[in-house]
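Below: one structure in structure tokens.
A note on names: the letters A, B, ... follow the listed sequences, proteins ahead of strands, and every chain is numbered from 1. Below, all heavy atoms of this structure are taken into account, side chains as well, without hydrogens, waters or symmetry copies.
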Protein chains: 2
Amino acid sequence: MADSGPEGRRTPLSRDRVLRSAVALADASGIDAVSMRGLAQELGVVPMALYKHVSGKEQVIDGMVDLVIGEFEPPDPALDWRGAVRSRVLSARRAVLRHPWARQAIESRTHRSPTVLGYMDAVAGTFIAGGFSPDLTHHLMHALGNRIWGFTPELFAEAPDPDRGADPPTVEAQQAMAREFAERYPHILAIATAATGGDLSRVGQGCDEQFEFEFALDLLLDGADRLRRDGWSSLHRRPRPDR
Amino acid sequence: MADSGPEGRRTPLSRDRVLRSAVALADASGIDAVSMRGLAQELGVVPMALYKHVSGKEQVIDGMVDLVIGEFEPPDPALDWRGAVRSRVLSARRAVLRHPWARQAIESRTHRSPTVLGYMDAVAGTFIAGGFSPDLTHHLMHALGNRIWGFTPELFAEAPDPDRGADPPTVEAQQAMAREFAERYPHILAIATAATGGDLSRVGQGCDEQFEFEFALDLLLDGADRLRRDGWSSLHRRPRPDR
DNA sequence: GACGGTAGGTGTACGGTGTACACCTGTCAA
DNA sequence: TTGACAGGTGTACACCGTACACCTACCGTC
């Protein structure tokens, strides 16, 4: 898995090879498997060898994120601003779904690499080309938040029914827990009931993330459209206290 | 800082004391200072002593998040749904701003503690009491995403001008970099120019997070209001493929 | 052809992390 | 008096990122 020739004379390391290997490793074994030691082993090399090509672990993660962003597809130029933003963001989503670790990796970043800036500039440019002022574009991108990377923080990541604990609970214990849950969190229960069409045995399945994502995206794009047509300008903005 | 008496006979540990100490430590020295060893030292105790009161580090972070959520204030009951949601969320924001580590801690959580569920139930209940269906409430809470915890992922966390590097660059180098930036990221530059009123020397100050937060929040609440008045129902929903 | 610089892989070591496990000790009920 | 047990201790292990010295194979120059 590491060498190329039958013995010795392996293909030399390079920044690119390190990063692609890191992505492959994260795809296969999760982001936690991407340690300098694990990555080195994957490449058939000693950990410190990596430092001749990358400055440290942070830069590895940065590079992995850049590779994912490189998979984002540009929109069809025939699309209007709305379709173009939608296309860009849904393409980002597909890429992030292909690499389940990417969400956490992107969230943990604090640097903005040229690749990241390039993507943000492209999204901003799509708004501006669609007739939005730079100011309004700015606020809308804040409103979109992480959605421009193709994901929303998962509020309902786990099933609402808390089935923690070691051994399988008895039927009575499960019923008692369900009753307590219904008493303590009646609204969450109502939501779960509605989401599963009343079939509470399906509560554990979680929600349709794709639908939720597009719902939120369209809600924001609708709001954007309305502001643009209403001629929103920064005059709506309260004066900002100088700091 | 650890004991209570002049010598010996310290106040005994407890889960609550451990968690409050962890919050204080994170407030003072950042979330990275909250290691089992550092926390134990803060309490004048050996690291393994903590494990008699909490099951591990994950549970410590969970408990810290619960304490922050405990600081959220319930809304004035006289408020309508919109004011109540706004009040709740802005109160959450104030609490999170008081504890700068809370954002990262909340984002890293995967469990939903009873306290977390209770807060989510309260927000959902506010929507439902305002006339929203559980279904629409569900989608809106996804749309709000992490905003219900009082923060948005910071897209523009750093200044757009990349002033990395070791020694202070010459004026010429700075101008060259600015020129390159303007060429590569024209739209980000336009946004930064607009945000600072043309005063590019203020670009490094970042943006007014509070304004951006409220802008996005109100954009979403406006959208929510419109959907409610239009009688949105789950009929708009495409059939969901069974998994 | 000898030589010196250098790019790139190696080995060792340090200080940090979370936590499993055995141990000890003081308190309190029986 | 005894014995259980809650709670604090000490040691140890496996892992992490990475600083630093080293070694080795190549390559252009004289």
salt_bridge(A:Glu214, A:Arg86) N-O dist < 4.0 Å: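 Looking at A:Arg86 together with A:Glu214, the answer is yes, because their closest N to O distance falls below 4.0 Å.
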Roughly how many Å is it from NZ in A:Lys57 to C1' in D:dC15, rounded to a whole number?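 Roughly 11 Å, once rounded to whole Å.
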Candidate nucleotides C:dC21, C:dT17, C:dT10, ranked by approach to the side chain of A:Val45 - the nearest: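 Output: C:dT10.
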Spacing of B:Leu39 atom CG relative to C:dG18 atom P, expressed in whole Å: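 In whole Å, C:dG18 P and B:Leu39 CG are 10 Å from each other.
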Length of the CD-P vector between B:Gln59 and C:dG18, whole Å: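 Spelled out: CD on B:Gln59 to P on C:dG18 is 15 Å.
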Presence of donor-acceptor pair under 3.5 Å, side chain of A:Arg37 and base of D:dG17: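 Answer is yes: a donor-acceptor pair is held.
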Any side-chain to backbone donor/acceptor pair from B:Arg103 onto B:Gly150? Under 3.5 Å, distance only.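 No: the side chain of B:Arg103 does not pair with the backbone of B:Gly150.
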From C-beta outward on A:Ala49, which listed nucleotide comes closest to its side chain: D:dG8, C:dT19, C:dT10?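 That would be C:dT10.
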How long is the line joining CD1 of B:Ile61 and C1' of C:dT17, in whole Å?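 Taking CD1 of B:Ile61 and C1' of C:dT17, I get 13 Å after rounding.
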Distance in angstrom units between A:Leu50 CG and D:dA19 P, rounded: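 For the pair A:Leu50 CG and D:dA19 P, the rounded distance is 13 Å.
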How do B:His53 and A:Glu58 order along DNA chain D: which one's closest nucleotide is nearer the 5' end?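 Its nucleotide being nearer the 5' end, the pick is B:His53.
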In whole angstrom, give the distance that lies between atom OH of A:Tyr51 and atom C1' of D:dA21.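 From A:Tyr51 OH to D:dA21 C1': 17 Å.
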Interatomic distance where CG belongs to A:Asp32 and P belongs to C:dT17 [whole Å]: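 Rounding to the nearest Å, CG of A:Asp32 and P of C:dT17 are 18 Å apart.
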Should the ring pair B:Phe211 and A:His139 be called parallel, tilted or perpendicular, given that the plane angle runs from 0 to 90° and is split at 30 and 60?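 B:Phe211 and A:His139: perpendicular rings.
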Expressed as a whole number of angstroms, how long is the span from B:Met36:CE to C:dA20:C1'?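 Going from CE in B:Met36 over to C1' in C:dA20 covers 13 Å.
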Between the side chain of B:Ser29 and the main-chain N/O of B:Ala26, is any donor-acceptor distance below 3.5 Å?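 Side chain of B:Ser29 to backbone of B:Ala26, a donor-acceptor pair under 3.5 Å: no, none is there.
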Decide yes or no, distance alone: a donor-acceptor N/O pair under 3.5 angstrom between the base of D:dG8 and the side-chain of B:Lys52.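 Yes, a donor-acceptor pair under 3.5 Å.
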Only one of A:Lys57, A:Arg112, A:Arg109, A:Arg15 clears salt bridge (charged side-chain N to carboxylate O under 4.0 Å, His left out) with A:Asp62; which?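 Testing A:Asp62 for a salt bridge (charged side-chain N to carboxylate O under 4.0 Å, His left out) against A:Lys57, A:Arg112, A:Arg109, A:Arg15 leaves exactly one candidate, A:Arg109.
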When you get a sec, tell me which of C:dG9, D:dC16, C:dT17 is the closest nucleotide to the side chain of A:Leu13?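 Of C:dG9, D:dC16, C:dT17, C:dG9 is nearest to the side chain of A:Leu13.
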Pick the closest DNA chain D nucleotide for A:Gly38 and for A:Met48 by heavy atoms, then say which residue is nearer the 5' end.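 With A:Gly38 and A:Met48 compared, the 5'-side residue is A:Gly38.
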